[in-house]
Amino acid sequence: MGQTIAQKIFAAHLREEPFPGTYVLDLDRVLCHEITTPVAIADLEWRGKDRVFDPNKIKAVIDHVTPAKDSKTAIQGKILREWAERHSIPDFFDIGQNGVCHALFPEKGFIRPGFTVIMGDSHTCTHGAFGAFAAGVGTTDLEVGILKGVCAFRKPQSILVNIAGTLPEHVYAKDVILHIIHKLGVNGATDCVIEFRGPVVDAMSMDARMTLTNMAIEAGGTCGICLPDQVTVDYLWPFISEEYESKEAALSEFKKWHSDDDAEYAKVLDIDVTGLEPQVTYDYKPDCVKSAREMAGTLVNQVYIGTCTNGRLEDLQQAAEILRGHKLAPNVRGILSPGTPKVFREAMDQGILAVFMDAGFCITNPTCGACLGMSNGVLAPGEACAATSNRNFQGRMGKGGMVYLMSPATAAATGIKGAVTDPRDL
């Protein structure tokens, strides 16, 4: 019986099997950030174990609230800064260089096919777009990772999602993943790796693939993963060109991680997206999904474009295409937070930020911010937001607020009309 890509990565990084069903893996990267890291650091200090297994394999960033909004978040930042300096962590990204973690780290070339990655954030699964096994973990697992460079997992089964057909105009990766979550349900992939395959995935950019894998956790998945291919090589080439004689050589190496033809899956889901319409969530679960036309007329007070799901340059381009020549409805405030400083600069150079400003958007620094109701656009009770983020849990963006998840294009169209709108209807 053949192996899936996840099984191959597990086999390559297996250090030991302490008891049946539990596997201890060596880590290629431990990625830390402000929400859980200060807790992990404080506990390690208290235990007299204030050390790191390899400072070059640990990446740290302040992203969830940046700049600090109050004394508590300022203290969090101070702890992380002092820890990074104390242990000579070379890849620590402070204010001015920081961005949303799951957008910043791939952009820096830190993620490669076959890597194992952990981080104290559930959307670490984003990095599976590169053919890596990447999972969010709790504070204890993060402490062990920092200290020993290992992490324990139950060996996951894989769910194969084959995506075929042709994406219609103004239907994007966000619409595809919302549709898949609707099909699987919020617990449909629990303790599984979702493997995204098919001609639609093959045609996607890395930006789009990261949108797919980012939301695997919303179906309960431990990780979302794509098979590395020429698109992966092209994206990583600036970082790996000295390691390989040619792109062909890199591709050949990456293909060793591909799932075998006779690999066994816990479930196979075949989806044809040819007739798929722009998707929007309703209620307070990410599997509560309808088409934008079914949700048409649902009023919103705010549009939020950014986050680790849709804060990359391609996402901003798609929204700007809709916004150009339009203004936000009088009852709507718009907030744009590019995912990284690089995305911010490229959007500025391409005139995209001017399109957003002309439409009436406020443009903020790269931050998670409003996505989890911490800063830069928290909702008041009774307000609703059209968001390109990944979660619509009750109170997620502010106590008593409602979040409708959608693509950047649909969010832009919704902002123009003041109510949920299919971008193809403009």
request  = Considering only NZ, NE, NH1 and NH2 on the basic side and carboxylate oxygens on the acidic side, decide whether E85 and R81 come within less than 4.0 Å.
outcome  = no

ask   = Is the shortest distance from a Lys or Arg side-chain nitrogen in E321 or R324 to a carboxylate oxygen in the other one below 4.0 Å?
value = no

request  = Go through the steps to decide whether T274 and D272 satisfy the test side chain to side chain donor-acceptor pair (under 3.5 Å), and finish with yes or no.
outcome  = CA-CA 6 Å; T274 302; D272 189 321; 2.6 Å; yes

4.5 Å side-chain heavy-atom contact, F130 and Y235 = yes

request  = Please confirm whether K59 makes a cation-pi placement over F105, using NZ or CZ under 6.0 Å from the six-membered ring centre and within 45° of the ring normal.
outcome  = no

ask   = Nearest heavy-atom pair of P156 and F133: which atoms, and what distance?
value = CG-CE1, 4.2 Å

request  = Evaluate side chain to side chain donor-acceptor pair (under 3.5 Å) for N162 paired with D270, printing each intermediate quantity in order.
outcome  = CA-CA 5 Å; N162 283 313; D270 293 310; 3.1 Å; yes

query = Which atoms form the tightest heavy-atom contact between T388 and I305, and what is the distance?
reply = OG1-CA, 3.5 Å

request  = Check the pair L426 / I322 against side chain to side chain contact (heavy atoms under 4.5 Å, CB included), numbers first and verdict last.
outcome  = CA-CA 8 Å; L426 283 181; I322 302 298; 3.4 Å; yes

key: Side-chain ion pair, D425 and R293, N-O less than 4.0 Å   = yes

task = Please examine the side chains of N390 and C371, heavy atoms only from C-beta on, and report whether any two atoms are closer than 4.5 Å.
result = yes

Contact summary for I194 and V161, nearest pair of heavy atoms = CG2-CG2, 3.6 Å

ask   = How many angstroms lie between CD in Q7 and CD in Q157, if you round to the nearest 0.5 Å?
value = 9.0 Å

inquiry  = Taking D283 first and then K285, would you say they form a salt bridge - that is, a charged N and a carboxylate O separated by under 4.0 Å?
reply    = no

query = So which heavy atom on L323 is nearest to which on A412, and how close?
reply = CG-CB, 3.7 Å

query = Between D50 and R86, is there a salt bridge with N-O shorter than 4.0 Å?
reply = yes

remark   = To the nearest 0.5 Å, atom CZ of R424 lies from atom OG1 of T410 at 8.5 Å

request  = Output, in order, the C-alpha distance, side-chain angles, deciding distance and verdict of salt bridge (charged side-chain N to carboxylate O under 4.0 Å, His left out) for R154 and D191.
outcome  = CA-CA 8 Å; R154 289 193 297 271; D191 290 333; 3.1 Å; yes

ask   = Roughly how far apart are I5 CD1 and I9 CD1, rounded to 0.5 Å?
value = 4.5 Å

remark   = Those residues at least two apart in sequence (or on a different chain) that pass side-chain contact (heavy atoms from CB on, under 4.5 Å) with Q76 are E34, P38, T73

message = Are the side chains of M206 and P106 in contact, using a 4.5 Å heavy-atom criterion?
response = no

ask   = Are there more than 12 heavy atoms of other residues, nucleotides or ligands under 6.0 Å from atom NZ of K417?
value = no

note = The complete set of side-chain hydrogen bond (donor to acceptor under 3.5 Å, both in side chains) pairs with one or both residues in residues 127-151, sequence neighbours excluded, reads H102-H127

task = Mark yes when over 12 heavy atoms from residues, nucleotides or ligands other than M348 sit less than 6.0 Å from its CE; otherwise mark no.
result = yes

ask   = Is the number of heavy atoms from other residues, nucleotides or ligands within 6.0 Å of NZ (K255) greater than 12?
value = no

message = Take a 6.0 Å sphere around NZ of K247 and say whether it holds more than 12 heavy atoms from other residues, nucleotides or ligands.
response = yes

query = Mind checking whether S252 and Y244 have side chains closer than 4.5 Å, heavy atoms only?
reply = no

query = Mind checking whether P286 and L178 have side chains closer than 4.5 Å, heavy atoms only?
reply = no

message = Testing the basics here: between S375 and K69, what is the closest heavy-atom pair and its distance to 0.1 Å?
response = CB-CD, 4.1 Å

message = L336 vs L353, test: side chain to side chain contact (heavy atoms under 4.5 Å, CB included). Steps then yes/no.
response = CA-CA 9 Å; L336 167 65; L353 298 190; 3.8 Å; yes

Distance in Å, S158 OG paired with E195 CD, rounded so as to fall on 0.5 Å steps = 6.0 Å

query = CD1 of I363 to CD1 of I335: how many Å apart, nearest 0.5 Å?
reply = 11.5 Å

message = Can you tell me how far apart CG (L160) and CG (L269) are? Round to the nearest 0.5 Å.
response = 8.5 Å

ask   = Under 4.5 Å between any side-chain heavy atoms of S337 and Y304, yes or no?
value = yes

D91/R29 ion pair, N-O < 4.0 Å = no

task = May I ask you to test the I89-W83 pair for a side-chain heavy-atom distance under 4.5 Å?
result = yes

task = Grab the two heavy atoms, one from T309 and one from R312, that are nearest each other, plus how far apart they are.
result = O-NH1, 3.2 Å

ask   = Heavy-atom distance under 4.5 Å between the side chains of M215 and C125, does that happen here?
value = no

